[in-house]
Protein chains: 2
Amino acid sequence: MNTTYRDIFKWGDKREQPVDKGTLDVIKEKFGFTDDDFSQKYITGEEQVALSKPVGINQNLLDKLIAIVGAGNVKTDDYARASHAYGKFYAELVKLRMGEIPSPPDAVVFPKSADEVTQIVSLCNEHGIALTPFGGHSSVTRGVETPNGGISLDLTKHLNKIIEVNSVNATVTVEAGMFGPAFENYLNSIGFTCGHFPQSFEYSTVGGWFAAKGAGQASTGYGKIEHMVLAVKVVTPAGVIETKCYPASAQGWDIHQIFAGSEGTLGVITEITMKVRRYTPQNTQYASFIFKNFESAVSAMRMVMQSGVGLPHLFRISDPEETEIAFKTKGFDDTLADRFLRVMGYKSGSRCLMFMAVDGSKGYAKQVKKSVKAICRKHGSFYTGAKPTLKWLDQRYSSAYLRDPLMDLGIMTDTLETAVMWDNLVNVWSSVRNYLKSRPKTVVMVHISHVYENGANLYFTFLSPMEKGNELNDYAEYHKGLVDTINASGGSLSHHHGVGRSLAPWMQQHLGVNSLGLMQAIKNYLDPKSIMNPGGTLGLK
Amino acid sequence: MNTTYRDIFKWGDKREQPVDKGTLDVIKEKFGFTDDDFSQKYITGEEQVALSKPVGINQNLLDKLIAIVGAGNVKTDDYARASHAYGKFYAELVKLRMGEIPSPPDAVVFPKSADEVTQIVSLCNEHGIALTPFGGHSSVTRGVETPNGGISLDLTKHLNKIIEVNSVNATVTVEAGMFGPAFENYLNSIGFTCGHFPQSFEYSTVGGWFAAKGAGQASTGYGKIEHMVLAVKVVTPAGVIETKCYPASAQGWDIHQIFAGSEGTLGVITEITMKVRRYTPQNTQYASFIFKNFESAVSAMRMVMQSGVGLPHLFRISDPEETEIAFKTKGFDDTLADRFLRVMGYKSGSRCLMFMAVDGSKGYAKQVKKSVKAICRKHGSFYTGAKPTLKWLDQRYSSAYLRDPLMDLGIMTDTLETAVMWDNLVNVWSSVRNYLKSRPKTVVMVHISHVYENGANLYFTFLSPMEKGNELNDYAEYHKGLVDTINASGGSLSHHHGVGRSLAPWMQQHLGVNSLGLMQAIKNYLDPKSIMNPGGTLGLK
């Protein structure tokens, strides 16, 4: 039985995963920590959840909700409300540790069908009650907070089933609240794969992927989620919008794409039809390379994407600092192989790792790998075989769960990401790194992990000791400077995390008054009383 | 100097292309025509253009337009107005032949810059004057008509230049009024290709491609135009919307995609940034196949698309009747090779041609061709080499120009197309064919020409003798039944021709009231006085 704040912010069953020795050694070296610093945990949030804000909607309305979904599917207890108050944004995790939940939802409701969702949206619209769709709450952008209270609509309990598989079309229609593993396991069992593997995969839902416009680690070959979704059913206050499924069309602009990135502000996505692909892991080819510097790795990657050789599905570069940390934490530093690499000119502090994997038919996968190897060789890389990529894949989800034990050690750790065109990539990388590095004792690891013909995503991970006693302000100021730097350097506000409330303040300046005005007009039409995920999400009123 | 109706409906410099003997023979056989029927042309439209409707906007406003663009860039003469009254919809061509132009624009304006466009949009909005953007007027959906008169804004005279090429990003920013050949020739000269080759290529513009959401003959590999465009600049009555260029992003839903398929109803697209690819024709691989029947060809095509073998860029199937006509018109019928094929079981009336070409790196193109050949072999096809595909490519644009000489012979000829999922393809093909064939003496040729993992496009071409004296009503009735049949069988209203006014009456029923309502709300916000391409385009008010 979950009862504490810690139960909320921890990730499911990976609850007390320890920090490995390699990482602890890096922390000692970089931050000057000693074993003493590791002897006790900092603000652990082990207190029982107790909310100060009472339920703000009246019994009459609760009764109406119960009439729709049944008594067992309306929760107003403190733990239910607290566990639906936040996603996984760093400052939210700090607040949970501190027991600060000033604005939880008033009730959590678990609908059993799209029809019930329609009744709930209608009821909330009639009474002006805020309604926030809730999936895996892996949002790192304050996307599921409830500043106006109201109802958190949790789709994961019941709306989590496959509706239809069409093997001829290679499509699947699925309820929005289905979690990644259940979805993928089912697809694998019938010979397909969804191809969408965000780091949050184990604790995120199909509906959340689309609502926040996510990208999986295989996006270079499979596309982002908005490239995979062919049709949606969305319950909006203005009515149900259900689009038809075509491979492509020219019947005006695409309505279903307006809900990609809508982040709950326009309505509740209840069903999604997405394309799926043959599951042929036996054909997958893996490779890894080490480059002498970041620039040559980036140049090789761009050449692969622009040379018409086919597409890797996984394609990553770790920048010099991330490569250095990987070598250290994986115990590769100073091994014979490491010394050999140094002698060959692949020096720590400038060398960069590249991982690649490619799915498809046997012949296709081999051909792509061969081409990638040829291009990388021309860029002065050293081929390091399949193993490093396979090892990286082993921990593809679990590295995210390290954040909690690191916070236990008093370490601030967060990530931010941006999409950039190729000609601006190194500039954004170095501007943002310089900013992050202006903070003393800060480890900054950067990778490129979603790649296109015309540009790529830059993903920044930083670790730095918390300013104890001033954790939230310290973080807020640092975060603001970081987003300012990305924005000023020409990166997008996000490539796949979404905007939520954490990036909302930059939206108008970034998109322009007229583009945001158009978004607001769409919101006003579909949600005239602004009940859907209100309180500034996406910079909307 | 152009002066007649015929000058308007004819396609540029291919003015009096004769119908080849092969086609004439087919016409004789199918329609029972004799040489007498070919001896004179029917309603040729060779009269001098003379409009009955006077210019409906006053001199004061014309003076304001002249103040913006200069006197040479505002035309009110009959020929200028008449030549901007229609696109290339069959019924429009009949009307031009008959000299029927009841609702031409009042003036044709040729802006020299996006800034001038902004002033014109503002002026028209202030005075409630209809404004219709005009590119290559190759619309086959009544997309550029001016039922409310007003101004036809022709972008092709001045707004036809490359603004910027970014070789690192593999992108190009181009003014909307640039024609296909000028665009592609320039790109080729610097080592790139646009990859977008609609049949209208020689007489259509980049802005028109995006506004009507077109697809080129190489779309299977390069994507539709909406998959290639990364950013736009659009002048709307509510202000200028200029989106930033990213390879992908998650900053709310994509604003620039709302203008894909907007068909001039939301604003004037002045600039487009699109991705381009390396121009490597020396690597292209070609193949063609003959299948015993349509079903096995479709099945092979689907397997290619769903097997992860890479993507052909050109991928087509001609159905049995189109294959039969191709054999006859190309003089292949009853040759030794033809007799051999018949003996092998590839019988006329059921056999189907498939064309394939694939661009990319040398290794990729070879690998894809090899895989396609293997899959086609398994489906009982006979490999017919590269030549038929190369021959087809030779006439890739010019077959469209046959329409005018056929109309000279009193033959109604038109095309309609739809997007379908794989599991519905044969059903839609046969339903629509049955409908079209219910008209006596009608040749119906169908091909699949834009292919996806999840479905494809079906393209219908029909020829039938005109009902002389009742050409327009006869066509209107036949066309209505055709669209009704597509709609009822589950096809999209369009895959790449767009909607215009010819398909607008089906939009509400097809998309649903709520989806069309959302489109109307977007229109109302950007164009509150409904001045942009008004009069029912896309089913909007």
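Lettering follows sequence order; numbering is per chain, from 1. When reading the values below, keep in mind they use all heavy atoms of this one structure, side chains included, and skip hydrogens, waters and symmetry mates.
- Looking at A/Asn454, its side chain does come within 3.5 Å of a backbone N or O of B/Ala170 through a donor-acceptor pair.
- For the set B/Gly221, B/Gly491, B/Ala238, the entry with the most heavy-atom pairs within less than 4.5 Å of chain A is B/Gly491.
- Proximity to chain A is absent for every atom of B/Glu417, based on heavy atoms less than 4.5 angstrom apart.
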Which atom pairs, donor and acceptor, lie under 3.5 Å between side-chain atoms of residues 419-428 of chain A and protein residues at least two apart or in another chain?
unit_1	atom_1	unit_2	atom_2	d
A/Trp422	NE1	A/Tyr452	O	3.3
A/Trp422	NE1	A/Glu453	O	2.9
A/Asp423	OD1	B/Asn169	ND2	3.0
A/Asp423	OD2	B/Asn166	ND2	2.7
A/Asp423	OD2	B/Asn169	ND2	3.4
A/Asn424	OD1	A/Asn427	ND2	2.6
A/Asn424	ND2	A/Ser489	O	2.8
A/Asn427	OD1	A/Ser431	OG	3.3

Take B/His227 and A/His227, measure what side-chain contact (heavy atoms from CB on, under 4.5 Å) needs, and give me the verdict at the end. CA-CA 10 Å; B/His227 306 130; A/His227 307 129; over 6 Å; no

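- Under the ring-ring contact (aromatic ring centres under 6.0 Å, His included) criterion, B/Tyr364 pairs with no residue, sequence neighbours left out.
- Separation of atoms CD1 (A/Ile258) and OG (B/Ser515) is listed at 9.0 Å; rounding is to 0.5 Å.
- Note that CD1 of A/Ile522 is 5.5 Å distant from CD1 of B/Ile255, once rounded to the nearest 0.5 Å.
- For B/His256, no part lies near chain A; criterion is any non-hydrogen pair under 4.5 Å.
- Top candidate by heavy-atom pairs under 4.5 Å with chain B, chosen from A/Ser219, A/Gly214, A/Gly490, A/Ser167, is A/Gly490.
- Ranking A/Thr171, A/Thr236, A/Asp254, A/Asp359 against chain B, the residue ahead of the rest is A/Asp254, based on heavy-atom pairs under 4.5 Å.
- Residue contact with chain B, scored on non-hydrogen atoms closer than 4.5 Å, involves the backbone of A/Ala456 exclusively.
- Of the possible polar contacts, none joining the B/Lys224 side chain to the A/Ala248 backbone as a donor-acceptor pair under 3.5 Å is found.
- Of the atoms belonging to B/Thr265, it is side-chain heavy atoms, and not backbone ones, that fall under 4.5 Å from chain A.
- For A/Ala260, the part lying under 4.5 angstrom from a heavy atom of chain B is the backbone only.
- Comparing A/Gly360, A/Ala211, A/Gly363 by heavy-atom pairs within less than 4.5 Å of chain B, the highest count is held by A/Gly363.
- Listed options A/Lys275, A/His510, A/Met305 were ranked by heavy-atom pairs under 4.5 angstrom with chain B; first place goes to A/His510.
- Looking only at side-chain heavy atoms (C-beta outward), A/Leu518 and B/Trp253 stay at 4.5 Å or farther from each other.
- A/Leu503 has its side chain out of reach of B/Gln251: every pair of non-hydrogen atoms, C-beta onward, lies at least 4.5 Å apart.
- Residue contact with chain A, scored on non-hydrogen atoms closer than 4.5 Å, involves the backbone of B/Gln257 exclusively.
- Neither the backbone nor the side chain of A/Leu311 comes within less than 4.5 Å of any heavy atom of chain B.
- Of the possible polar contacts, none joining the B/Glu242 side chain to the A/Gly512 backbone as a donor-acceptor pair under 3.5 Å is found.
- When side chains are defined from C-beta on, A/Gln367 does not count as touching B/Val368, because their heavy atoms never get closer than 4.5 Å.
- With chain B as the partner, the residue from A/Glu226, A/Gln306, A/Met507, A/His496 showing the most heavy-atom pairs under 4.5 Å is A/Gln306.
- In this structure, B/His495 NE2 and A/Tyr246 OH are separated by 12.5 Å, a value rounded to the nearest 0.5 Å.
- Counting heavy-atom pairs under 4.5 Å between each of A/Val499, A/Leu538, A/Val309, A/Leu266 and chain B puts A/Val309 at the top.
- For the pair B/Arg278 (side chain) and A/Gly308 (backbone), a donor-acceptor distance under 3.5 Å is absent.
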Could you check A/Lys244 against B/Ser492 for side-chain contact (heavy atoms from CB on, under 4.5 Å), going step by step and ending with a plain yes or no? CA-CA 9 Å; A/Lys244 290 183 181 171; B/Ser492 74; over 6 Å; no

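- In this structure, the separation between NZ on A/Lys370 and OG on B/Ser361 is 9.5 Å, given to the nearest 0.5 Å.
- Within the model, atoms OG of A/Ser249 and CG of B/Asn457 stand 11.5 Å from one another, a figure rounded to the nearest 0.5 Å.
- Interface residue B/Leu493: backbone and side-chain heavy atoms are both found under 4.5 Å from chain A.
- Heavy-atom distances place no part of B/Leu516 under 4.5 Å from chain A, backbone and side chain included.
- By number of non-hydrogen pairs under 4.5 angstrom with chain A, the leading residue of B/Gly239, B/Gly252, B/Gly455, B/Cys245 is B/Gly252.
- In this structure, the portion of A/Ala212 lying under 4.5 Å from any heavy atom of chain B is its backbone and not its side chain.
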